[in-house]
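Below is one structure; the comments refer to it alone.
Labels below follow one simple rule: chain letters A, B, ... track the order of the sequence lines, proteins then strands, and each chain is numbered from 1.
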Protein chains: 2
Amino acid sequence: MSSTSSRMLEVAAQQFAEKGYSGTSMRSIATATGTTQAAIYHHFPNKEALYLSVLSLQLKEKTGAALEGLDQIKDPEQCLRELIFRLVRLAEEDEQFRQLYFRELLEGNEERLATLAENVFGGLLDSVGGLLNKLAPRFDLNLLLLSVAGLVCHHVEARKISPFMPGSEPDHQELDTLSEHITKLLLYGVRGA
Amino acid sequence: MSSTSSRMLEVAAQQFAEKGYSGTSMRSIATATGTTQAAIYHHFPNKEALYLSVLSLQLKEKTGAALEGLDQIKDPEQCLRELIFRLVRLAEEDEQFRQLYFRELLEGNEERLATLAENVFGGLLDSVGGLLNKLAPRFDLNLLLLSVAGLVCHHVEARKISPFMPGSEPDHQELDTLSEHITKLLLYGVRGA
DNA sequence: GTCTATAGGACGATAGAC
DNA sequence: GTCTATCGTCCTATAGAC
């Protein structure tokens, strides 16, 4: 894998995440990579193949590494808190992953959704499935995973609009505030701690 | 408002929601409306204005009407359950609203996000803010609203991928299953009822 | 209010020199 | 492996007849 195609993949990931597939042109990817549009076709057969390469690179096993060693925390509540804090960090740091996930949810065909489900949620199941099962034996594991993913990704993405909500407060932007809120909600429900 | 421009707005909403702004062309809107591309410019000055018209029509006060009379349910737990069931129905029935919301979250500029926050979450605050405040006094109201919106919209949208998740079950597609899951999670947290 | 026609530009993709 | 040049297609938007 040449260094050029890696840079193309990085730039493409950034633009696809920000502007979507249709909103991103081969020309703009080339310009931002510092080359010409035709050069991309030496490394990738066409636009769709480039996008699929971006996807398989971005959606693959992001979660596993970041969540290792979680089972060494003995207290289950502390363990969930640590899990949520790490997932919120992950969702914030990897803006491309988060946005590509949302975009695939909206526009992905069956095949792409299948690989997404396998890579993202299969990986999550491996790393935190056991923990969640022990912590929440009364809940369906898949639905609970989707709840956690939805809470984390939506809260992080919704930081863009929370300043415009009536009664907004500045600490709604802070990741620790969001993590603490999600943890408390998951642990005790609306009644609070 | 002529009937033609109404049909244009309907068709445009459907296509913008499904394919996004860049993925939707004036030609395809015109064809699906049963007219020609140039005719749209008699009713809307340009593509962006058409999109903004779609937005202000789709994002405005969807929630208020559907959630009226909720405060007449005396038992707070039953009230939350009814709220979630109605929101899940709303999110499922109004696919365009749900998808346009996600797309605006990804691509909206500050001005558009501001009007979205005002219309969607302002409306939600009016209709269910009091209820949530009584039910969950320990929680920040804005964060809780974002949690509920994230849970509901993500669960409904994620029905597309749940069949591909390992250990998937057919009833994960059913709205009542999703509503019950979200309600239980919100009421009692991961420990369950 | 809708049509045909077209301007003017951006797009994806290819050809061929270097 | 990257370039220039170009093809054919699609796009937004406008002009003008009816």
Check side-chain contact (heavy atoms from CB on, under 4.5 Å) between B:Q78 and all other residues, then give those that pass, not counting sequence neighbours. B:I73, B:D75, B:R81
Over all atoms of both residues, closest heavy-atom pair of A:Q15 and A:A32: NE2-CB, 3.5 Å
Which residues in residues 10-19 of chain B have at least one heavy atom lying under 4.0 Å from any atom of DNA chain C? none
Does A:R98 use its side chain to pair, donor to acceptor, with the backbone of A:A91 at less than 3.5 Å? yes
Measuring from atom CG of A:L186 to atom CG of A:L83, what distance do you get when rounded to the nearest 0.5 angstrom? 9.0 Å
Salt bridge B:E110-A:K160, side-chain N to carboxylate O under 4.0 Å: no
Would you mind reading off the bend of the helix from C:dG1-D:dC18 to C:dC18-D:dG1 from its two end axes, five pairs each, to 10 degrees? 0°
B:F44 CZ to D:dT12 P: how many Å, rounded? 15 Å
One should read off an interatomic distance between B:Q96 CD and B:L57 CG, to the nearest 0.5 angstrom, of 10.5 Å
I want to check something: taking the side chain as every heavy atom from C-beta on, are A:M8 and A:I40 in contact at a cut-off of under 4.5 Å? yes
Closer than 4.0 Å, any side-chain N/O of B:H42 to the OP1 or OP2 of C:dT2? no
On the six-membered ring of B:Y101, is B:K62 placed so that its NZ or CZ lies under 6.0 angstrom from the centre and within 45° of the ring axis? no
My understanding is that only residues two or more places apart in sequence, or in another chain, count here; which of them pass side-chain hydrogen bond (donor to acceptor under 3.5 Å, both in side chains) with B:S162? B:Q173
Please check if the distance between the ring centroids of A:H172 and A:H181 is under 6.0 Å. no
For the CG atom of A:L125 and the CG atom of A:N142, what is their distance to the nearest 0.5 Å? 6.0 Å
With the threshold set at under 4.0 Å for non-hydrogen atoms, list the residues of residues 33-41 of chain B touching DNA chain C in residue-number order. B:T35, B:T36, B:A38, B:A39
Restricting to nitrogen or oxygen on both sides, can you table the protein-nucleotides 7-11 of chain C pairs closer than 3.5 Å?
residue	atom	partner	partner atom	Å
C:dC11	OP1	A:S25	OG	3.3

Taking only Lys NZ, Arg NE, NH1 and NH2, and the carboxylate oxygens of Asp or Glu, determine whether B:E18 and B:R103 approach each other closer than 4.0 Å. no
Looking only at non-hydrogen atoms, find the nearest pair between A:V54 and A:F16 and report the distance. CG2-CD1, 4.2 Å
